[in-house]
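For reference, the structure is listed below as structure tokens.
Just so you know, these numbers use all the heavy atoms, side chains as well, and skip hydrogens, waters and symmetry mates. Below, chains carry the letters A, B, ... as their sequence lines are ordered, and counting in each starts from 1.
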Amino acid sequence: MNIFAKHLIDWYKYEGRELPWRETRDPYTIWVSEIILQQTRISQGTAYFHRFIEQYPDVSKLASADEHDVLKLWQGLGYYSRARNMLTAAKQVMEQFGGKFPGTYKELLQLKGVGEYTAGAIASIAYNLPHAAVDGNVLRVLSRLYAIDTPINSTKGKKLFSQLATEMVPKEAPGTFNQAIMDFGATLCTPGKPDCPGCPLSDMCEAYINNSVENYPVKEKKTKVLDRYMHYLFIRHEDRLWLEKRNDQDIWKNMYQLPLIESYEVLLPEQVLHSKEWQAIFDNAQVEVRSVSNEIIHLLSHRKIHAFFYEIQLIKGEVHHPAKPVYLKDIFNFAVPKLIENYLTEKIQITQS
DNA sequence: AAGTCGGGGTT
DNA sequence: AACCCAGACTT
């Protein structure tokens with residue numbers, strides 16, 4: 001075994017974290033944990049992991065689930081394509097792999113939502129196969145260890161780091177090594193203020209030797225954030241509220257929301273009330289606009305959403321909109337984006353107090 | 001190769 | 001405000 005792997009596994013033995021999904025070798029359970037933890041901190045994902053395994057204890061249960069139920073379970077976690085893809089993948093396991101979770105790296109890669117990282121993680125942790133699992137932690141650790149300037153998110157960088165990681169994986173303990181290097185990156189070789197004095201690899205770390213640890217890893221690009229303006233209509237009539245399902249190829253696909261008037265520039269309430277969209281929705285109906293919320297900023301990784309909530313009472317007439325009236329007592333059964341959840345939670349509390 | 005897709009914690 | 005988190009998919 002190479003010296004890096006030896007030190008990392010030794011460190012892991014004493015400093016590694018105890019995590020729920022480390023108590024099993026079941027590939028389904030490990031898969032669930034890996035998908036949940038994509039771009040997600042353990043502190044945020046753990047509760048979702050427990051609820052997911054409780055509701056869908058095996059792949060056949062998940063395969064026969066309703067997509068909306070899975071999205072509801074995923075609500076608040078973000079990157080909802082993960083939930084939709086898991087349902088697709090579960091059906092793949094039932095149909096293409098006869099209900100048995102695929103047992104090789106190549107087969108794992110065929111599952112929807114499983115990329116190189118996740119396939120390597122499952123293959124190594126569940127099956128002890130010698131594949132690397134290169135996540136953000138591994139990129140950081142390797143870039144420092146070898147003082148590599150190639151951007152980690154460039155095509156060249158991905159290939160290079162994947163190669164390095166694969167060479168480092170010891171055939172004796174691939175799963176243990178992959179979890180060790182990830183824990184090491186998450187708790188010691190951290191993005192800011194890494195604990196170099198307490199690091200068992202500092203003697204061999206090129207970046208530390210050059211006193212340049214903070215310069216690694218190198219990334220190219222930055223995502224530019226676009227503004228979107230969402231004018232949500234909280235339309236009430238007696239004990240019902242209008243909700244619609246988002247179907248477009250867009251954020252929050254297949255989740256529910258309040259009827260929406262969207263613009264790509266700032267609109268005053270006066271302009272919303274006189275917009276074509278508004279006129280089309282309410283036509284000859286009689287409504288009262290009870291209130292308009294302040295601007296609520298909802299930040300996503302690549303969008304800045306400016307949201308406004310219009311509280312509208314339908315007095316009489318019809319609402320011409322694909323949205324359907326649902327009973328207020330049922331609204332929390334619908335999967336909604338965090339932005340909507342926050343508003344509804346606050347609004348219903350006020351309504352009931 | 002660049003853009004899309006969430007939400008939350010840390011600095 | 002910027003960065004990052006057990007990334008993958010689409011264009």
Classify [X] by what it touches in the nucleic acid, base, sugar-phosphate, or nothing, heavy-atom distance under 4.0 Å.
X: A:G76; answer: sugar-phosphate
X: A:V138; answer: nothing
X: A:K253; answer: nothing
X: A:L339; answer: nothing
X: A:G115; answer: sugar-phosphate
X: A:T40; answer: base
X: A:W31; answer: nothing

Nearest-neighbour nucleotide for the [X] side chain, [options] considered:
X: A:Y117; options: B:dT4, B:dG7, C:dG7; value: C:dG7
X: A:Q38; options: C:dA8, B:dG7, C:dA6; value: C:dA8
X: A:N137; options: B:dG6, C:dG7, C:dC5; value: C:dC5
X: A:R17; options: B:dG7, C:dA6, B:dA2; value: C:dA6

Would you call the rings of [X] and [Y] parallel, tilted or perpendicular, taking 30° and 60° as the class edges?
X: A:F4; Y: A:Y146; result: perpendicular
X: A:Y28; Y: A:F101; result: perpendicular
X: A:Y343; Y: A:F234; result: perpendicular
X: A:F308; Y: A:H231; result: parallel

Checklist entry - Taking the P atom of each, how far is C:dA6 from B:dT11, in whole Å? => result 14 Å

Checklist entry - How far does the P atom of B:dG6 sit from the matching atom of C:dT11, given to the nearest Å? => result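 It comes out at 15 Å once rounded to the nearest Å.
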
Determine: side-chain N/O of [X] to OP1/OP2 of [N], distance under 4.0 Å, yes or no.
X: A:R303; N: B:dC5; answer: yes
X: A:R41; N: C:dA6; answer: no
X: A:H302; N: B:dT4; answer: no
X: A:W252; N: B:dG7; answer: yes
X: A:K112; N: C:dT10; answer: yes
X: A:R140; N: C:dC5; answer: yes
X: A:Q39; N: C:dG7; answer: yes
X: A:H298; N: B:dG7; answer: yes
X: A:Y79; N: C:dC9; answer: no

Next on the checklist: Set out, in order, the CA-CA distance, both residues' side-chain angles and the distance that settles side-chain hydrogen bond (donor to acceptor under 3.5 Å, both in side chains) for A:Q92 and A:Q110, then state yes or no.
Outcome noted: CA-CA 9 Å; A:Q92 282 182 276; A:Q110 296 174 29; 6.0 Å; no

Checklist entry - Between A:K193 and A:R228, which is nearer to the 5' end of DNA chain B once each is assigned its nearest nucleotide? => result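 On the 5' side of the pair lies A:R228.
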
Item to check | First of A:G192 and A:K224 reached from the 5' end of DNA chain B, by closest nucleotide | outcome: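 First, find each residue's nearest nucleotide; the 5'-ward one identifies A:K224.
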
Next on the checklist: Using whole Å, what does the distance between atom P of nucleotide B:dG6 and atom CD1 of A:I297 come to?
Outcome noted: 18 Å

Checklist entry - B:dG6 P sits how many Å from A:Q75 CD, rounded? => result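 Atom-to-atom, A:Q75 to B:dG6, this comes out as 13 Å.
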
Checklist entry - Got a salt bridge between A:K158 and A:E116, using NZ or NE/NH1/NH2 to carboxylate O under 4.0 Å? => result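 No, this pair does not count.
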
Next on the checklist: Judged by each residue's nearest nucleotide on DNA chain C, which is more toward the 5′ side, A:D135 or A:L111?
Outcome noted: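 Residue closer to the 5' terminus by nearest nucleotide: A:D135.
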
Checklist entry - Of A:V134 and A:P217, whose nearest nucleotide on DNA chain C comes first from the 5' end? => result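 It is A:P217, whose closest nucleotide lies nearer the 5' terminus.
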
Item to check | Distance-only donor-acceptor test (3.5 Å): side chain A:T118, base C:dG7 | outcome: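 Between C:dG7 and A:T118, which were checked side chain against base, a qualifying N/O pair under 3.5 Å is absent.
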
Item to check | Heavy-atom donor-acceptor pair, A:R22 side-chain to C:dA6 base, under 3.5 Å | outcome: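 Yes.
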
Checklist entry - Going through the checks in order, is the side-chain hydrogen bond (donor to acceptor under 3.5 Å, both in side chains) test met by A:K159 and A:Q163? => result CA-CA 6 Å; A:K159 200 169 176 180; A:Q163 209 164 5; over 6 Å; no

